[in-house]
Amino acid sequence: MPATAEPTLSKDVLDFINEWRDEPGNLIMILHRVQQEYGFVPREISLLLAKELDVPLARIYGVITFYHFFKLEKPGRNQISVCMGTACYLRGGEDLIQELENLLGIGVNAVTDDGEFSVEAVRCVGCCGLAPVLTVNGEVYGKVTKAQLPDILAKHRDE
Amino acid sequence: MGFQHYILVCGGTGCESNKADEIFRHLIREVEEQKLDEKVQVVKTGCFGFCAQGPIVKILPEESFYVNVVPDDAQELVTEHIVKGRPVERLLYREADSKKHARVDDISFYQKQFRIVLRNCGFINPEEISEYIARDGYAALEKVLFEMAPEQVIDELKSSGLRGRGGAGYPTWMKWNFTRGAEGERKYVVCNADEGDPGAYMDRSILEGDPHSVLEAMAICGRTIGADKGYIYIRAEYPLAIGRLERAIAQAKEYGLLGEGILGSDFSFDVELRLGAGAFVCGEETALLASIEGERGMPRPRPPFPSVKGLWGMPTVINNVETFANIPVILVRGAEWFGRIGTEESKGTKVFALTGKIKNSGLVEVPMGTPLRDIVYNIGGGIPDGKQFKAVQTGGPSGGVITAEHLDTPIDYEHLQELGSIMGSGGMIVMDETDCMVDVTKFYLDFTVEESCGKCAPCRVGGRKLHNILTRISKGQGVPEDIDKMRRIGRAMTKASLCGLGQTAPNPILSTLRFFQAEYDAHINDSLCPAGKCKDLVHFEIITENCIGCGLCARRCPVLCISGERRQPHEIDQERCIKCGECFAVCKFNAVLRA
Ligand SMILES: Cc1cc2nc3c(=O)[nH]c(=O)nc-3n(C[C@H](O)[C@H](O)[C@H](O)COP(=O)(O)O)c2cc1C
Ligand code: FES
């Protein structure tokens with residue numbers, strides 16, 4: 001978050017909250033919307049949500065930390081998710097993570113110093129027929145070999 | 001007005017990731033530019049299932065099956081195939097052992113399949129409700145609204161013998177009947193689209209390829225049990241499926257097939273999506289309900305079952321995507337027809353995601369009772385790279401392995417259970433001789449330990465203990481007593497855990513111990529990994545006599561620990577070697593020994 005004086009909820013997020021305000025069980029859907037907006041769930045925003053929805057901050061954090069999908073740290077500009085589902089594991093998903101570490105100098109759940117890339121391991125993205133699979137910002141790459149990784153990185157670095 | 005040709009482009013996630021959308025747009029542009037729009041329709045469909053060959057383009061009525069297509073092929077396909085009537089030979093699919101091109105019906109990948117659930121996948125445009133309707137879509141709902149009493153629907157499901165496809169195989173009619181009979185101000189229908197088994201994507205493909213079949217079935221369920229609201233709990237990792245569902249719901253409302261007063265009757269039913277957030281345990285039904293309620297997805301003890309106390313304490317039916325997708329066909333074609341497919345105890349078909357070390361990896365639907373051998377060899381085309389078949393894993397982290405000697409076992413709920421595995425949701429992962437059973441089992445335990453919600457001690461502590469033992473064994477530090485200890489802990493977890501996650505977490509261990517104990521023993525007694533997979537137990541050496549000193553391995557080594565003069569035998573510095581196996585993989589002269 002930039003160091004502005006008062007963080008505020010963007011209009012889109014507020015609209016979403018208003019739409020969902022009276023729906024029971026809305027918290028997870030609202031957190032999805034927040035993460036879509038910011039790439040993660042910033043603490044300031046959680047504080048605002050707690051006020052806005054009138055729920056304790058602890059409950060919001062309880063939910064965020066239970067679910068792997070929600071992030072508390074800002075991810076890289078390009079988010080690389082390497083599939084570590086069974087099919088991808090058997091076909092060398094681990095080697096991709098190792099090679100990314102060689103190329104980027106970071107392991108799983110870390111961000112490069114320049115903020116360009118972050119790497120995470122995810123469970124099956126549902127393209128097991130194309131194992132091993134990785135996604136960059138949601139774009140799926142199938143049958144990935146180590147040799148292709150430099151090109152994939154270069155492509156997204158330039159975008 | 002009909003078209004002379006239909007060009008079907010696979011729009012499943014797998015093919016989309018390989019530019020299927022661009023192929024689709026190029027084809028449309030070609031068709032327009034060549035002024036063929038009145039003769040040819042280009043359609044983007046759901047998954048064809050043959051994911052290993054994607055992106056796939058099918059042209060009807062010729063049934064030509066084009067594989068590994070790239071966007072630049074669009075022009076040739078239109079000019080040659082459509083205009084000149086000459087198939088584009090180089091893109092047509094060929095069976096491995098034949099030079100002949102196969103029509104769709106002749107492809108062995110499809111021959112032993114029987115498509116009920118996937119009947120529309122790959123045939124219709126999932127973003128167009130009219131195409132679903134044209135194939136008998138919503139006919140079952142109409143029948144249920146105007147011709148059948150709720151009891152008749154339940155009777156029909158009962159005589160069809162349909163059992164849940166989400167894992168446990170519970171008879172669907174019983175669930176519906178209990179919920180129908182339960183007291184509650186409001187009732188709910190929930191579709192479990194959490195698909196947590198890593199390595200499985202049946203539900204994703206159904207939702208992407210035929211979303212209306214699930215919506216229709218949920219409405220039928222609502223009518224039968226007396227609910228007016230349904231939720232689909234779907235993984236956030238499935239954006240394409242979410243998009244198609246949202247579109248399908250909007251179209252169904254527009255057509256009066258969802259919403260107030262469906263088809264002019266007094267029945268109203270609405271469906272809403274709720275997104276999962278990457279927690280495997282949320283596939284368990286009580287945890288799933290907690291998650292829809294916006295809470296941490298922790299399971300709770302059953303009873304009370306959801307059919308009595310479910311969502312917000314109200315009676316709720318929870319069924320899996322594939323279970324729902326079976327229902328409209330059963331009601332249209334009749335329970336008797338359905339009951340003729342499959343085996344005595346397991347009726348109908350099952351969709352499997354066939355993956356791992358298999359040539360034709362993809363989505364297959366076969367009648368219950370099909371022998372595993374047919375799936376692996378006839379449909380799957382066998383093991384690639386001339387390797388030996390070792391085992392098939394079904395049921396994911398809750399399941400077990402089936403070995404070569406049991407390849408002729410008919411696949412149904414009962415037989416799989418006898419073998420110590422389970423049907424599960426449909427993941428079917430083939431392993432070859434280079435896969436180590438200790439390693440794969442450790443992989444599953446990694447998974448369950450990470451995904452355990454921590455609420456009950458047997459699962460939280462037992463899982464961790466098992467994982468520690470497996471880690472030790474894979475490092476060659478196991479002791480003979482470990483085997484018994486794992487069996488004991490496993491039995492305790494099975495008995496005492498709160499939910500299915502902990503109860504089934506030891507299955508991968510118990511099952512591999514049953515069939516592959518020798519492999520565990522080799523790790524423990526001889527510090528040996530027979531498959532050469534466990535890094536701490538293998539080492540790499542250069543066989544001096546075979547090494548010609550080409551230097552390829554030295555250039556490939558990520559830690560530069562191989563040295564040697566050009567044209568002289570090289571050497572590996574064992575101290576620095578990280579055992580990545582890269583040298584073993586690249587050497588063309590069999591000069592690297594893996595031991
Ligand atoms: C840990 C765990 C994970 C589960 N994951 C799923 C899942 O991803 N999809 C699913 O349909 N059922 C899953 N189930 C089974 C459900 O609890 C439930 O039995 C099923 O959704 C019922 O639907 P059915 O009767 O149509 O099979 C899971 C169960 C457990 C214990
Ligand atoms: S296991 Fe990687 S996509 Fe399914």
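Order of the sequence lines fixes the chain letters, A, B, ..., with proteins taken first and strands second; residue numbering starts at 1 for each chain.
In this structure, the side chains of A/Ile17 and A/Glu52 come closer than 4.5 Å at one or more pairs of heavy atoms. Looking at heavy atoms from C-beta onward, B/Thr13 lies in side-chain contact with B/Arg204 at the 4.5 angstrom threshold. A heavy-atom distance below 4.5 Å is not found between the side chains of B/Lys357 and B/Lys387. Side-chain atoms of B/Phe352 and B/Met202, non-hydrogen and from C-beta on, never get closer than 4.5 Å to each other.
With chain A as the partner, the residue from B/Ile292, B/Ile358, B/Asp439 showing the most heavy-atom pairs under 4.5 Å is B/Asp439. Chain A forms more heavy-atom pairs under 4.5 Å with one residue of B/Gly454, B/Gly278, B/Ala353, B/Gly396 than with any other, namely B/Gly278. Heavy-atom pairs under 4.5 Å with chain B were tallied for A/Val122, A/Leu27, A/Asn102, A/Val125; the largest tally goes to A/Val125. Taking chain A as the reference chain and counting heavy-atom pairs below 4.5 Å, the highest number among B/Cys47, B/Gly12, B/Gly14 is found for B/Gly14. Contacts with chain A were tallied for B/Ser291, B/Ala52, B/Cys580, B/Ala241; B/Ser291 has the most, counting heavy-atom pairs under 4.5 Å. Taking B/Cys51, B/Gly356, B/Gly427, B/Pro558 one by one and counting their heavy-atom pairs under 4.5 Å with chain A, the maximum is reached by B/Gly356. Your options are B/Pro198, B/Ala277, B/Gly199, and the one with the most heavy-atom pairs under 4.5 Å with chain A is B/Ala277.
Residue contact with chain A, scored on non-hydrogen atoms closer than 4.5 Å, is absent for B/Leu363. For chain A, the nearby part of B/Ala200 is the backbone; its heavy atoms alone come within less than 4.5 Å. Heavy atoms of B/Leu275 lying under 4.5 Å from chain A belong to its backbone as well as its side chain. Contact annotation for B/Glu582: only side-chain heavy atoms (C-beta onward) come within less than 4.5 Å of a heavy atom of chain A. Contact of B/Val559 with chain A is not made at all, since no heavy-atom distance falls under 4.5 Å. Neither the backbone nor the side chain of B/Leu354 comes within contact range of chain A; no heavy atom of the residue lies under 4.5 Å from a heavy atom of that chain. Interface residue B/Cys282: only side-chain heavy atoms are found under 4.5 Å from chain A. For chain A, no part of B/Phe50 is nearby; none of its heavy atoms comes within less than 4.5 Å. Contact annotation for B/Glu16: neither backbone nor side-chain heavy atoms come within less than 4.5 Å of a heavy atom of chain A. At a 4.5 Å heavy-atom cutoff, the contact between B/Arg274 and chain A is made by backbone and side-chain atoms alike. Proximity to chain A (any heavy atom under 4.5 Å) is shown, for B/Ser205, by neither the backbone nor the side chain.
No cation-pi contact links A/Arg21 to A/Phe16, judged by a cut-off of 6.0 Å to the six-membered ring centre and 45° from its axis. A cation-pi arrangement is found for B/Arg235 relative to B/Tyr238, the charged atom lying closer than 6.0 Å to the ring centre and inside a 45° cone about the ring normal.
Here B/Asp435 contributes atom CG and B/Phe443 contributes atom CZ; the two are 11.5 Å apart, rounded to the nearest 0.5 Å.
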Quiz item: Does the salt bridge (charged side-chain N to carboxylate O under 4.0 Å, His left out) test come out yes or no for B/Glu295 and A/Arg59, once each step is laid out?
Solution: CA-CA 8 Å; B/Glu295 304 291 334; A/Arg59 206 187 131 223; 3.4 Å; yes
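Side-chain atoms of B/Glu208 never come within 3.5 Å of backbone atoms of B/Leu240 as a donor-acceptor pair (strictly under, hydrogens ignored).
Defined by atom type and a distance below 3.5 Å, a donor-acceptor pair is present between the side-chain atoms of B/Asp432 and B/Thr434.
In this structure, A/His156 has its ring center no closer than 6.0 Å to that of A/Phe117.
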